[in-house]
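Notes follow the structure.
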Amino acid sequence: MAISFDKALGIHDDAMLFRASRAEVIANNIANADTPNFLARDIDFKSVLDGAMDDNMPRLKMEQTQSGHASGFLDPNMAAEMMYRIPSQASVDGNTVEVQEEMARYTENALDFQTSFTFVDKKFKGLSKALKGE
C-alpha cells in the first residue's frame with residue numbers, strides 16, 4: 001500500500017507555502033514604510049482557499065512587462081488574491097503602511113506558520129514510527 005503524502009499531511013504543507021508567501025508580502029510592506037505613495041498589500045487567505053478548493057475556477061495571471069518584474073518574489077498565481085490595505089489613519093505622503101499593524105500581522109503569520117510546521121512535523125514522526133513498527 002502506497003503512502004499518499006497529500007492525504008497524510010492534509011492542508012498544512014500548502015498552508016506553510018501560503019504563510020511563507022504572505023510573510024514576503026508583509027515584509028515588503030514593512031521595508032517600504034518610508035516610501036512615498038507605497039500601497040500596502042496583503043494576501044486574502046479566503047480567496048486562496050476558495051481557489052484551491054475549486055479547480056475549475058480560472059486563474060488570473062500577472063503580466064510581466066519587463067524582465068525585472070516579479071522575479072521570484074511571489075508566485076504570479078497569488079496576484080489575484082492580493083489586495084490593497086485601507087489604512088486607519090491616512091499618511092501625508094500617500095503611504096498606506098502602518099508599521100505596528102504590519103508587525104502584528106507578521107507575528108501572527110509566523111505563529112500560524114509554526115503551527116502548521118508542528119502539525120507536519122508530528123505527521124512525519126508518526127509515519128516514521130509506523131514504518132519502524134513502533
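If you're wondering where the values come from, they're calculated on a predicted model, not measured in any experiment. For reference, positions follow the sequence shown, starting with 1.
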Nearest-0.5 Å distance, CZ of residue F117 to CG of residue D112: 15.0 Å
Ion pair R105/E108, N-O distance below 4.0 Å: no
Whether N95 side chain and A33 backbone form a donor-acceptor pair below 3.5 Å: yes
E101 and R85 ion-paired at < 4.0 Å: no
Distance in Å, N32 CG paired with T96 OG1, rounded so as to fall on 0.5 Å steps: 10.0 Å
Backbone N/O of M83 and side chain of D42: donor-acceptor pair under 3.5 Å: no
T115 side chain to L111 backbone, donor-acceptor under 3.5 Å: yes
Path from V97 to Y106 over hydrophobic side-chain contacts below 4.5 Å: yes
Closest non-hydrogen atom pair, E102 against N29: OE1-ND2, 3.2 Å
Separation of Q100 CD from I30 CD1 (nearest 0.5 Å): 9.5 Å
Hydrophobic cluster membership, F38 vs I26, 4.5 Å side-chain cutoff: yes
Heavy-atom donor-acceptor pair, E98 side chain to P87 backbone, under 3.5 Å: no
From F18 atom CZ to N109 atom CG, the distance as rounded to the nearest 0.5 Å: 7.0 Å
D34 atom CG, over 12 foreign heavy atoms within 6.0 Å: no
Reported CD-to-CE distance for the pair Q114 and M16, which is rounded to 0.5 angstrom: 9.0 Å
